[in-house]
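The figures here come from the full heavy-atom set of this structure, side chains too, leaving out hydrogens, waters and symmetry mates. Worth saying up front: this structure is predicted, and the values here are computed from it rather than measured.
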Amino acid sequence: RFIADSIGMEEQDRVAELVEVIYPKTMGNIFCVMQALEELVRKNALYYDMMYFEWRWTVDKVELANQVSADVVETIKDKIKGLSVDIQKLLAVMAHIPCSVGVPVLKELLVNYEGNGLNEDQIASLLKEASENGMLMWSNESGNYIFSHDRIREASRGYVVEQDRDELLLHMAHVLLRLGKGSKMEWCLYTAVDLLNSLSPDKVDTADLIKLNLRVSKMAKSRGSPEMESMLLRESMERLKPSKWKDYNLSLELYNAVIASEYNLGNHDRMSAAINEVLDHATFLRDRYSAYLFMVKHLSDNDYRAGSHEGVKVLNMFSYNIPLQPTKVDMAREKTKLRFALKGRSFASLINLQVRVTEDPIFELFAQVCRDSLFSRQPRLTTVVAWTAVRRAIKKGMDGYLPQILGSLAQVHGKKGNVIAANEIGNVVLTLSENFRDMKVQYSLARFINQAGIMFHLQSFRSGVDLLQQCYKDLRFLGQFEPALGSQLNCNYAYLAAGLPLGTIFESKLLVLEEFCKSIGKGGYVASFEIHRQFAMNLRQRSDYPTLLNGPAFQQDTALATMNDQAREMTLRDASIFRLELAFIFNDTKCMAEMLETLSGYPFEDQVIPRFYIRACFMGLAAFSLAEKKYHAIGNQCLKYFRRMKKLGSTNAPPAYYLIAASKKPTKKAFTSAIDSCREASMPHLEAIAKERYAMFLLTQNESNLAHGFITSAYWLYFDWGAHAKSVSLAQEYPF
């Protein structure tokens, strides 16, 4: 039908011969059909008869088929041959630029190329003519001419012969390098390096090209494109192979960049190969530092304790003499050194420290070891390493990683129960981080650690969700995937602890996170986000076994079977926390007892404050809900924790404290206090639980009318939270 309409024939049978020729070579693609028709016209096989006022062809089907090229690109090339030389050159230049460009840039690219010096009016005229010939089209979005079809771009690129192509690309690259100044013209540098990378090694200077690749790869990383960064670095590695380590400094810089890039993308084999290359060829200890740093990071991905110990060994190579297992004597000695360095002042005095003009690389390793030792429950080691870093900062000036190091120290205080001391250091962290706003990675890391590991002790979980979400976005954009995911994980726990709405939107966001984690090889985070999603699905969808994490999002037994010891231990803890919450909500006493037994085997502490809040809250509730008195000790431990946090001023503690207290000694006054506290803290999920449990208590007191009112309120609170399955369960269980 399209061919018939194109040549103005109403009877489709009359074009059957044309269709039989064109369709096998175009497969019905409209663009390709148009090019085939134009080719037949150019070759006079198809012509317009002025006597009969219609399109005709006089050759047979075989001859028609011979006149149509099998490749549409060749057809377009044949069409380009019929255009002027200036348009041919214009199309060739535009074809090698991935974005649309305006007349001024085209003028620069065309001037002095084979003596061609066109002014802007002439170029504008050529663009218009190329558009009239179907090669280009005007784009309102970009405000420039663009190719009408990708096949036209492909044909324009292939139209230039190889020798002329090399000269053209070199000329274009040099012009673009000259134009690539300022943020709006950065695309010129990306295009220039891409053009130069496409040339054979004998056409460009290897060292200069590697330096350019390194420069542009740093730009790509800072603009949130780690894949582009990796691609450019890999291209440089190929260029370097014939002469690697002949230029020592250039080789070292390139290998260090590759190590960091491949680590961030989860390509550990490539990273390890680059680390070994540096360790084998680097001359000085300082030149091996980056390789050692990422070796520690990679090791800690699988074993925090092993990573922290390896990190201490590296620090000791730089003469810090940090003990792997500090004793009380070591702690006393290091504390004395710190007091001497601080001159008897508090950590608040650090806000007056001089900021280093250049970064001190060793501080990143200090921060890494503090993190790993904190996660592997080595508080003494975390403290000694942090104190050592503070003494270096006092002596040498502070670096952007110092706020993170102090954040780890504050978390040690918090885990010990010294919440006031933790928050005092946290305030110092906030103040110090303001000195590093321009160092976006360090600034975002400091805000993340401070909010997630310190401020949540006293501040509401709801208030920190947006900040942690922003930290995730910033860190991911900057290519810092590991801390970005850590920020998002803490954000999720805060979201769930605050009782913010669940549902399909929340689950969809988690699914996106899971796919991202899989793409960069972060299996531990995949499991965490899958657990959160399955938890939300169990609350939303009716199931015969709502307390099992065994569904489309997460299958606990299958997942645990594939993990190493560290990952299995952490995943089992996380899964058990949410299974305990589900068991309490759905009143599954057998599951409650099983989860209490599992979670009792873990230390009663956690650096992820909202996760510990969920755990302690539901351990306390479950312990007093079970008939066995052996669990009451657990309940009293949780009650004591929330009582102390409430006295310290935590906004999150009162709802959990009053609700556990009401479970321990159910009275009208106790439940009323719990309900009021949950409402004031804007924790609708805990308010729903409190009202449901109060209704159950009222039924035992023969106050059914009052009980039905609270059941009705609990129903809607569960429903608004996203726990639709629980709402249905209430409706079936109680006549209200």
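- The shortest side-chain heavy-atom distance between Ile322 and Thr388 falls under the 4.5 Å cut-off.
- Looking only at side-chain heavy atoms (C-beta outward), Leu342 and Leu350 come within less than 4.5 Å of each other.
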**Request:** Begin with the C-alpha distance, continue with both residues' side-chain angles, and end with the deciding distance and a verdict on salt bridge (Lys or Arg N to Asp or Glu O under 4.0 Å) for Lys297 and Glu364.
**Result:** CA-CA 11 Å; Lys297 287 187 175 186; Glu364 185 175 358; 2.8 Å; yes
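- The number of heavy-atom neighbours closer than 6.0 Å to NZ of Lys337, taken from other residues, nucleotides and ligands shown, is above 12.
- His532 pairs with exactly one of Phe578, Tyr495, Phe506 by the ring pair (Phe, Tyr, Trp, His ring centres under 6.0 Å) rule, that one being Phe578.
- For the pair Lys221 and Phe481, the cation-pi test (distance below 6.0 Å, angle within 45°) is failed.
- Put simply, the side chain of Arg223 never gets that close to the backbone of Ser225: no donor and acceptor are under 3.5 Å apart.
- Judged by distance alone, with hydrogens and angles left aside, the side-chain atoms of Ser261 form no donor-acceptor pair with the main-chain N or O of Val258 at under 3.5 Å.
- The distance from atom OG1 of Thr383 to atom CG of Leu374, rounded to the nearest 0.5 Å, is 9.0 Å.
- No hydrogens or angles considered: nothing links the side chains of Tyr525 and Gln488 as a donor-acceptor pair under 3.5 Å.
- Residue pairs satisfying the ring-ring contact (aromatic ring centres under 6.0 Å, His included) criterion with at least one member in residues 354-406, sequence neighbours excluded, are listed as follows: Tyr304-Phe375, Tyr320-Phe366.
- Inspection of the Asn197 and Asn213 side chains reveals an N or O donor paired with an N or O acceptor under 3.5 Å.
- Note on Glu235 versus Arg239: salt bridge recorded, some NZ/NE/NH1/NH2 to OD/OE distance being below 4.0 Å.
- Across all non-hydrogen atoms, the minimal contact from Tyr472 to Ala484 is CD1-O, 3.1 Å.
- Pairs of residues two or more places apart, or lying in two chains, that qualify as salt bridge (Lys or Arg N to Asp or Glu O under 4.0 Å) and include a residue from residues 274-293 are Lys244-Glu277.
- A salt bridge is absent between Arg356 and Glu359: the closest approach of a Lys/Arg side-chain nitrogen to an acidic carboxylate oxygen does not fall below 4.0 angstrom.
- Side-chain contact between Leu285 and Tyr292 is present, with heavy atoms from C-beta onward closer than 4.5 Å.
- A donor-acceptor pair under 3.5 Å is formed between the side chain of Asn423 and the backbone N or O of Val419.
- Tyr613 contributes no side-chain N or O that, together with a main-chain N or O of Ala653, makes up a donor-acceptor pair within less than 3.5 Å.
- Under the 3.5 Å distance criterion, the side-chain polar atoms of Ser349 are left unmatched by any main-chain donor or acceptor of Arg345.
- Distance check: Leu232 CG to Met219 CE gives 10.0 Å after rounding to the nearest 0.5 Å.
- Nearest heavy-atom pair, Arg391 versus Glu334, reported as atom, atom and distance to 0.1 Å: NH2-OE1, 3.2 Å.
- Taking the side chain as every heavy atom from C-beta outward, Glu229 and Leu233 approach each other to under 4.5 Å.
- With contacts defined as side-chain heavy-atom distances shorter than 4.5 Å, the pair Asp399/Val355 does not qualify.
- Taking both residues in full, the closest heavy atoms of Ser300 and Asp372 are given as CB-OD2, 3.1 Å, listed atom of the first, atom of the second, then distance.
- Listed by first then second residue, pairs satisfying side-chain hydrogen bond (donor to acceptor under 3.5 Å, both in side chains) with a partner in residues 455-464 read Ser460-Ser463, not counting sequence neighbours.
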**Message:** Could you walk me through whether Arg392 and Asp360 satisfy the salt bridge (Lys or Arg N to Asp or Glu O under 4.0 Å) test, starting with their C-alpha distance in whole Å, then the side-chain angles of each, then the deciding distance to 0.1 Å, before giving a yes or no?
**Reply:** CA-CA 10 Å; Arg392 179 177 176 84; Asp360 187 350; 2.7 Å; yes
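- For the 3.5 Å distance criterion, the side chains of Ser373 and Ser308 fail to qualify, holding no donor opposite an acceptor.
- Atoms CG and SG, from Leu467 and Cys491 in turn, are 9.5 Å apart once rounded to the nearest 0.5 Å.
- Counting heavy-atom neighbours within 6.0 Å of Arg339 CZ, excluding the residue itself, gives a total of 12 or less.
- Of all non-hydrogen atoms in Phe477 and Ser222, the two that sit nearest each other are CE2-O, 3.3 Å.
- Of all non-hydrogen atoms in Met398 and Leu353, the two that sit nearest each other are CE-O, 3.8 Å.
- At least one donor-acceptor pair under 3.5 Å links the side chain of Asp205 to the backbone N or O of Asp208.
- The CG atom of Asp194 sits 12.5 Å away from the CG atom of Leu189 when rounded to the nearest 0.5 Å.
- A distance of 12.0 Å separates CG in Leu478 from CE in Met439, rounded to the nearest 0.5 Å.
- In summary, Glu569 and Arg377 engage in a salt bridge, as defined by a charged side-chain N under 4.0 Å from a carboxylate O.
- Remark: the backbone N or O of Ala567 is paired with a side-chain donor or acceptor of Asn564 at under 3.5 angstrom.
- Looking only at side-chain heavy atoms (C-beta outward), Ile454 and Asn427 stay at 4.5 Å or farther from each other.
- By the 4.5 Å heavy-atom criterion applied to side chains, Leu511 and Phe529 are not counted as neighbours.
- Under a 3.5 Å cut-off, the side chain of Gln534 and the backbone N or O of Phe554 do form a donor-acceptor pair.
- A salt bridge does not link Arg533 to Glu515: none of the charged nitrogens lies less than 4.0 Å from a carboxylate oxygen.
- Defined by atom type and a distance below 3.5 Å, a donor-acceptor pair is present between the side-chain atoms of Asp474 and Gln470.
- To the nearest 0.5 Å, atom CD1 of residue Ile210 and atom CG of residue Leu240 are 4.5 Å apart.
- Shown here for Leu299 and Ala306, the closest heavy-atom pair between the two residues is CD2-O, 3.5 Å.
- For the residue pair Arg234 and Ser230, a side-chain donor N or O sits within less than 3.5 Å of a side-chain acceptor on the partner.
- With contacts defined as side-chain heavy-atom distances shorter than 4.5 Å, the pair Asn492/Leu513 qualifies.
- Remark: aromatic rings of Tyr255 and His281 are distant, center separation not under 6.0 Å.
- Neither side chain, Tyr493 nor Asp606, offers a donor N or O lying under 3.5 Å from an acceptor on the other.
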**Item:** Derivation and outcome, side chain to side chain contact (heavy atoms under 4.5 Å, CB included), residues Leu176 and Tyr190
**Value:** CA-CA 9 Å; Leu176 291 170; Tyr190 287 101; over 6 Å; no
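- No donor-acceptor distance shorter than 3.5 angstrom exists from the side chain of Ser376 to the backbone of Gln378, with no hydrogens or angles considered.
- Here the two rings, on Tyr443 and Phe436, have centers that are 6.0 Å apart or farther.
- A salt bridge is defined here as a Lys NZ or Arg NE, NH1 or NH2 lying under 4.0 Å from an Asp or Glu carboxylate O, and Lys211 with Glu253 fails to meet this definition.
- In this structure, Tyr248 contributes its side chain and Thr283 its backbone to a donor-acceptor pair below 3.5 Å.
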